[in-house]
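Report on the following structure.
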Amino acid sequence: MKSGSNLEKILSQGKFAVTGELGPPQGSDINIIKEKSKHLRGMVDAVNITDNQTAVIRMSSWAAAIVAIQEGLEPNYQMVCRDRNRLAMQSDILGAYALGIRDMLCLSGDHQIFGNHPYAKKVFDIDSMQLISMVKKMRDEGKFLNGDDIVEPPKMFIGAAANPFGDPYDFRVFRLAKKIEAGADFIQTQCIYNMDIFRNWVKQANDMGLTEKVYILAGVTPMKGVGMARYMQKNVPGLDVPDWLIKRLRGVEKKKQASEGIKICCEQIEEFKEMKGIAGVHIMAIEWEQRVPEIAEQAKLLPRPKV
Amino acid sequence: MYDFIRGPLMWAALVIFVGGLIFRIIQMFQLSKKKERIFFTSTSSGEEQRGGDYSPEERKLRWLVSFSNSIMGNYPILTIITTIFHICLFITPVFLLGHNLFLYESWKIKFFSLPESLTDIMTIIFLLCAIFFILRRIIVPRLRAISSFNDFLLLFITIAPFLTGYLAYHQCFFNYKTMLTLHILAGEIMLMAITFTKLGHIIFFFFTRFHISSEYSLIPGSRVW
Amino acid sequence: MTTPEVKSIDKEKIKDILNDKKGKMKLSLFVCAHCGLCAESCPLYRAHDRNPEYMPSYKVINSLGKLYKKIKKLDRNFLEEIKELIWKNCVLCGRCYCPLGIDIPSMIALARGVCRSQGISGVYPHSLGAPEEDFPEALSHIGVSEKE
Amino acid sequence: MIIAKVKPLEEIKDMVKDYPKVLNVGCAGCTAVCLAGGQKEVDTLNTQLNSSFKADKVSFQVDGFTVERQCEMQFLAELDKIAGQYNAFLSMGCGAGVQFLAERFPRIPVFPAVNTSFVGVNKDIGWYEERCSSCGDCVLGITGGICPVTMCAKGLFNGPCGGPEDGHCEVDKDIPCAWVNIYERLKEQGRLENILKIFPARDWQNQIQGKIILEPYKKRYIK
């Protein structure tokens, strides 16, 4: 066992894992986190706590993670490379581990021009690949990036993101291989809509034997309606929302589009269960946490295994 | 002699003149190539695209800036004189009554002609401008540094048709016939000179300033050397 | 820094370089009306009290113009001569204006290319071996006296 | 001027050892002025490479060609005639020059022979110091002509920090503290109030790859 986290136990026992996502508030009101956690408790094995998603300032990820622990959830602490240099990152990892956080997700992070402080100075001292290997070095070698020894090294279960739809397509699987070599233990992909490209990507990963070395969780985001779908198609970087999805959503009248979105999402989850090389699903229902129980129910993911 | 210059030499001059121009045009198109245009759709990084909506003071400032950078701003007298010189150079011979009568006699083409008194004055102005150029080329240090015999020769070649034409019209010195012969000869020499000397800037100016894309091109040029 | 006995120059190479762009260059030299309007656009011309030797057309005529004219009987001394003209009198900033639209910078660049092909190139006042006395003169125009 | 420094010979050798015929492209612009990549440096590097590879008994040949400036395509065009004969390019231009050369010849590997270091000044022959980090929003008018972004090690805007001693930066006693100098110079000029008021957080301009299209030329390039 690498970190002994709940997510790691479930994945290592070959059970189909489910992770959720929780966006901390743009303020310091703890109750919002408690509210969102209520919907997710018992529905997911771990919950991603986003770190200034789309470069919009929110309560810091590790703080929200600690509140999530108090609410009986296992947090998956996200860290982006945009806001901190290697010193801050390593000290945050030590602090997070000390307070009970066992899973981490290493991301590059969106450029600050997308957020509410477009002209803030970027950091990107190290990138996501280097962050993964840094956390692995802290865990396995018990050393900081510069080689100094760590008293009581943090043993994180290292996660990384993967975007099978980003350009250039054929390079994406090699980038996955690099992340595994860097030390990623589990992968959470970008939300999937174009199933063909995703199947092809998984096939390539299987052929290269990558799926034996890492647990891949397929990312899904239920669409609330046509408006959201079109927005995601145009504005979200590196996302491929095919037209048949928008057409299908438009086929149902406004009121019922939300449940249609959830239906599509559950169909995807069904397919992921059977797909070779997929170890679980990552449900990203940002600002829609209250519908996660419905999704988990409908996709027959309950009850979550106790390990 | 008279018949020679009225006949074959005139045709030779025309052929060399027109042929020379065409050759130059072809040569310039061969020497340059189409500029492949890269267009940007949006002006990213926050630089907004300014329309033409400038306030009166801004408009005045913009005009002042472009004026002071123009050759009119740097060499006002020279620019005015050159403009007058070139206007007279092109307008006078083309709309001269005498020329158009000859033209009508031989090819039955009727051309609009300016009143003779006007073309007379324009010829005088032209000659004065030419004298200004000659003096300038001698007095101004930077011009003296680069002027060669050909520059002065060419100035005289350009002056000759106007001078002889004026004298022939007013029948002063030699008898009319000799002066007219000299005038026609001078005209033909000038026409031919356009192909063989720097008078070729007739074509070069319009080609480079309008087609070749550079800092000083008058319209966004479509070609590049 | 010329070596004592004057090294010969590779005439063939120079001919190649010159002939490669002969069409455009000869046409530009041919059509230049020697009108002197390019002077005011040259920063060095104005900075050196409008000395005619800093006028773009002067630099071109006496470097590239002569290269084409004397293409047969070129020698290293001639290249050393024009080196001053196209390096010290010109920084090739590319801003010379010509009413006819002649591309003056490319002509200076070609002349520099020819010199450089023979190992002759401008020596910046700040690089090793630059004659020191070169330097104060270049600063005289902006009122920096010797002792400063 | 852009200041650069030649890479160590071993590093350059390591880059080009698999390419039998290499062209070393010099640049007569900034890197020539700072004695890093001009024609003389090209010849020096070529001699070093040729003799060193001959000593290693590796078949290798490098020729030199110095263009006027590697940051303008019209000057890189001079290489078109001879580019085909080489397996790789070494470029002694600054980072921009190396990339422009690579853009022009995408199928030929291009290797940088110099490390572009900073925008700076020639203090003396062979001695160069950084002055500007091209942040895109110049405040030198307020700080009396001393750049807080570049000259202050921490890039503070409401300096000095607690560290300077007798005028030099806590980081290194040879480095003068920018803010101590700003204070003295503004005091001399009687413009001290510039640094008495608080400088607000900056909008950093140089966060994405820079591009400038001048107003009068916009209609040529923006449809």
Side-chain angles (χ1 to χ4, degrees), chain B residues 23-24 26-33 68-75 78-79 82 86 133 136-137 140-152 154-155 158 194-218 221 223-225, chain C residues 19-66 69 85 89 92-110:
Chain B
F23 166 71
R24 277 286 175 243
I26 295 163
Q27 182 190 22
M28 277 189 277
F29 270 94
Q30 269 171 352
L31 286 174
S32 60
K33 57 181 182 313
S68 63
N69 286 338
S70 68
I71 41 174
M72 183 64 178
N74 286 313
Y75 304 101
L78 177 77
T79 325
T82 324
H86 281 91
F133 284 138
R136 172 177 170 269
R137 201 168 273 292
V140 175
R142 69 173 191 276
L143 285 168
R144 209 172 38 246
I146 57 165
S147 295
S148 60
F149 169 70
N150 292 348
D151 297 325
F152 292 102
L154 204 59
L155 271 172
T158 324
I194 286 172
T195 313
F196 299 110
T197 68
K198 59 177 183 177
L199 292 184
H201 64 257
I202 294 175
I203 287 295
F204 195 82
F205 170 82
F206 290 105
F207 179 78
T208 19
R209 288 299 295 279
F210 287 92
H211 284 290
I212 300 285
S213 154
S214 80
E215 181 186 354
Y216 300 109
S217 52
L218 297 166
R223 298 183 74 82
V224 80
W225 288 114
Chain C
N19 290 340
D20 179 41
K21 295 212 178 72
K22 191 152 69 76
K24 171 187 170 193
M25 294 304 169
K26 286 217 130 169
L27 178 64
S28 302
L29 286 161
F30 172 76
V31 99
C32 165
H34 297 177
C35 66
L37 285 179
C38 51
E40 217 50 49
S41 67
C42 175
L44 290 186
Y45 173 75
R46 249 194 237 169
H48 289 82
D49 323 325
R50 290 178 167 67
N51 169 353
E53 285 184 7
Y54 284 86
M55 187 167 72
S57 46
Y58 179 93
K59 292 179 243 183
V60 164
I61 291 156
N62 292 302
S63 62
L64 197 68
K66 284 195 175 137
K69 267 206 214 78
L85 209 52
N89 293 15
L92 206 62
C93 67
R95 300 306 301 279
C96 11
Y97 161 81
C98 165
L100 305 183
I102 294 173
D103 182 2
I104 301 173
S106 64
M107 300 163 93
I108 301 276
L110 186 62

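So that the names make sense, note that chain A is the first sequence line, chain B the second, and so on, each numbered from 1. Every heavy atom of this structure was used, including side-chain atoms; hydrogens, water molecules and symmetry mates were not.
With a threshold of 4.5 angstrom between heavy atoms, C/C96 approaches chain B through N, CA, C or O but not through any side-chain atom. Using a 4.5 Å cut-off between heavy atoms, C/I102 contacts chain B through both its backbone and its side chain. With a 4.5 angstrom heavy-atom cutoff, B/Q27 touches chain C only via side-chain atoms. B/T197 touches chain C through its backbone: at least one of N, CA, C or O sits under 4.5 Å from a heavy atom, while the side chain does not. Both the backbone and the side chain of C/R95 come within contact range of chain B, with heavy atoms under 4.5 Å apart. With a 4.5 Å cut-off on non-hydrogen atoms, B/L199 does not touch chain C at all. The part of B/R137 that comes within reach of chain C is its side chain, from C-beta onward, which places non-hydrogen atoms under 4.5 angstrom from that chain. When heavy atoms are compared at a cutoff of 4.5 Å, C/L37 approaches chain B by way of both its backbone and its side chain.
Nearest heavy atom pair, residue B/H201 against residue C/A33, reads ND1-CB, 4.2 Å. Annotation for B/A145 and C/P52: closest pair CB-CB, 3.7 Å, computed over non-hydrogen atoms. When every heavy atom of C/G36 is checked against every heavy atom of B/Y75, the shortest pair comes out as O-OH, 3.8 Å.
The CD1 atom of B/I146 lies 5.5 Å from the NE2 atom of C/H34; values are rounded to the nearest 0.5 Å. The line from CG of B/L143 to CE of C/M55 is 6.0 Å long, rounded to the nearest 0.5 Å. Taken to the nearest 0.5 Å, the OG atom of B/S70 stands 8.0 Å off from the OH atom of C/Y97.
Between C/P99 and B/Y216 there is no side-chain heavy-atom pair separated by less than 4.5 Å.
Here C/L27 is the residue among C/N51, C/L27, C/L29 with the most heavy-atom pairs under 4.5 Å with chain B. Chain B forms the most heavy-atom pairs under 4.5 Å with one residue out of C/G23, C/G94, C/S28, and that residue is C/G23. Comparing C/S57, C/C32, C/S106, C/C35 by heavy-atom pairs within less than 4.5 Å of chain B, the highest count is held by C/C35.
The backbone N or O of C/L100 sits less than 3.5 Å from a side-chain atom of B/T208, completing a donor-acceptor pair. A donor-acceptor pair under 3.5 Å is absent between the side-chain atoms of B/R142 and the main chain of C/Y58, judged by distance alone.
Heavy-atom contacts from other residues, nucleotides or ligands closer than 6.0 Å to CZ of B/F206 number 12 or fewer.
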